[in-house]
Protein chains: 2
Amino acid sequence: MTRIPAAERRAALIDAALRVISREGIAQATTRAIVAEAGMSLASFHYAFASRDELLDELISTVVAREQQAVVPVPAPGRGLRELLETGILAYFEHLRADPAHEQAMLELTQYALRSPDRLPLAVAQYARYAELAERSLVLAAEMSGARWRVPVSEAARVLVAFTDGLTLTWLVDRDDTAALSVARAAADALSRMADPL
Amino acid sequence: MTRIPAAERRAALIDAALRVISREGIAQATTRAIVAEAGMSLASFHYAFASRDELLDELISTVVAREQQAVVPVPAPGRGLRELLETGILAYFEHLRADPAHEQAMLELTQYALRSPDRLPLAVAQYARYAELAERSLVLAAEMSGARWRVPVSEAARVLVAFTDGLTLTWLVDRDDTAALSVARAAADALSRMADPL
DNA sequence: GTCTATACACCGATAGAC
DNA sequence: GTCTATCGGTGTATAGAC
């Protein structure tokens with residue numbers, strides 16, 4: 001009916017696809033399910049995208065670019081690095097609990113990308129982005145607590161990404177909040193020991 | 001042609017399915033791909049299994065039951081808990097490097113199970129098994145190093161599972177061995193601090 | 001029990017009217 | 001540009017001969 005700019009239509013389809021994947025998984029995110037979610041006809045899909053794979057590729061790039069600081073150390077002067085890190089990880093955990101489907105979708109998208117050599121760079125970029133955000137948090141936390149990283153911050157950031165990833169995956173399976181808190185504490189402990197107080 | 005007992009045929013199909021999933025991913029593990037891998041006809045599949053889902057369910061149960069001690073602390077008297085744990089995690093990492101496709105397959109199976117309420121118990125059982133194996137390692141490591149867990153061993157085991165899971169996922173994406181070693185070190189550090197020397 | 005042949009649903013993608 | 005209708009292909013599952 002209405003005439004909609006191509007870019008807008010692409011964005012709408014990407015959003016719809018993410019909703020379908022979050023709700024039902026990537027396997028159920030067929031072109032038909034996506035256009036139904038977006039309230040469009042099937043042909044509109046292929047007017048906006050050459051193929052389903054093209055949409056999924058752009059979906060990953062878009063969502064990764066959109067990803068915001070997840071592990072934010074809450075500014076609270078006078079607290080040590082360990083406490084700041086733990087609070088930051090707990091903030092991420094709250095984010096996970098608030099929208100588990102989103103993190104589950106991101107995990108599925110990663111594994112999808114891992115399965116094709118062509119799409120592998122998308123997964124790598126996704127985790128590079130995670131590491132970048134983690135690094136920013138770590139720099140900030142060290143500044144706030146007056147500490148100095150003994151190892152390259154990028155290395156510590158990579159560890160933080162692994163720890164939060166593990167926290168996410170295990171919690172998605174057993175939904176054990178207490179266990180997740182324990183993981184958060186252990187992770188903050190290990191990370192804080194990669195820095196020296198000034 | 002040949003007459004094969006049903007149980008044997010089921011086992012052969014399960015093995016074939018695991019090979020296909022490891023090689024090409026769960027999405028490509030169609031009934032046709034599985035029977036081709038097993039060298040059977042399509043009808044034989046449905047003689048042995050009522051449906052593809054039934055095979056996947058049994059595949060998860062079988063593989064999980066088959067799972068062996070992954071993080072084994074290498075017996076080496078005179079070493080501290082931290083060193084024992086690190087060696088154990090590194091042993092797991094070597095196992096991961098030796099057969100990444102297997103761990104990737106296990107991750108995909110977990111996510112597949114997470115997507116249906118009926119199959120959720122399979123994922124839960126899978127991670128309960130991981131935790132059980134981890135707990136055994138931690139008990140052993142404490143014994144060998146003469147340490148005593150300050151927290152319930154099951155709690156420390158759950159943390160170990162999360163850490164190895166995170167190590168796995170991130171390494172599968174970037175294949176950064178150095179980063180993985182760093183994760184292993186940090187994980188061993190955090191875990192060892194959950195125990196006291198005797 | 002094991003096969004070939006096929007039913008039937010659903011997929012991605014396109015043709016062609018408007 | 002947007003729609004309905006449909007193509008060609010592949011998926012799971014089954015029928016029926018042997």
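These numbers come from the heavy atoms of this one structure, side chains and all, not from hydrogens, waters or symmetry mates. Worth saying up front: this structure is predicted, and the values here are computed from it rather than measured. Labels below follow one simple rule: chain letters A, B, ... track the order of the sequence lines, proteins then strands, and each chain is numbered from 1.
Mapped onto DNA chain C by nearest heavy atom, A:T31 and A:A43 fall at different nucleotides, with A:T31 at the one closer to the 5' end.
Remark: C1' of C:dT14 and CZ of A:F49 are 18 Å apart, rounded to the nearest angstrom. Separating the NE2 atom of A:H46 from the P atom of C:dA15 is a distance of 12 Å, rounded to the nearest angstrom. Whole-Å rounding puts the A:L13 CG to C:dG12 C1' distance at 14 Å. One can place CD1 of B:I26 at 15 Å from P of D:dG11, the figure rounded to the nearest angstrom. Following rounding to the nearest Å, B:E8 (CD) and C:dG1 (P) show an atom-to-atom distance of 12 Å. Taking atom CG on B:L55 and atom P on D:dA13, their separation rounds to 11 Å, with Å as the unit. Computed from coordinates, the A:I34 CD1 to C:dC11 C1' distance equals 12 Å when rounded to whole Å. Rounded to whole Å, the distance from CZ on A:F45 to C1' on D:dT4 is 18 Å.
Here B:Q111 contributes atom CD and A:Y112 contributes atom OH; the two are 15.0 Å apart, rounded to the nearest 0.5 Å. The distance from atom CZ of A:R97 to atom CH2 of A:W171, rounded to the nearest 0.5 Å, is 6.5 Å.
Within a 6.0 Å sphere centred on CZ of A:R148, heavy atoms belonging to other residues, nucleotides or ligands number 12 at most.
The phosphate of D:dC3 has OP1 or OP2 within less than 4.0 Å of a side-chain N or O from A:S44. Using a 4.0 Å cut-off, no side-chain N or O of A:R9 falls inside it from OP1 or OP2 of D:dG1. Close to C:dG12, at under 4.0 Å from its OP1 or OP2, lies no side-chain N or O of A:S51.
Remark: the B:R32 side chain and the D:dT10 base include no donor-acceptor N/O pair separated by less than 3.5 Å. Residue side chain B:R52 does not reach the base of D:dG11 through any donor-acceptor N/O pair under 3.5 Å, judged by distance alone.
The side chain of B:Y47 approaches C:dT2 more closely than any other nucleotide in the set C:dG12, C:dC3, C:dT2.
Remark: A:R193 engages B:D189 in a salt bridge (charged side-chain N to carboxylate O under 4.0 Å, His left out) (not counting sequence neighbours).
Heavy atoms of B:T30 sit under 4.0 angstrom from primed sugar atoms or phosphate atoms, though from no base atom.
When each of A:L167, A:I89, A:D176 is paired with A:V183, the side chain to side chain contact (heavy atoms under 4.5 Å, CB included) condition holds for A:L167 and for no other.
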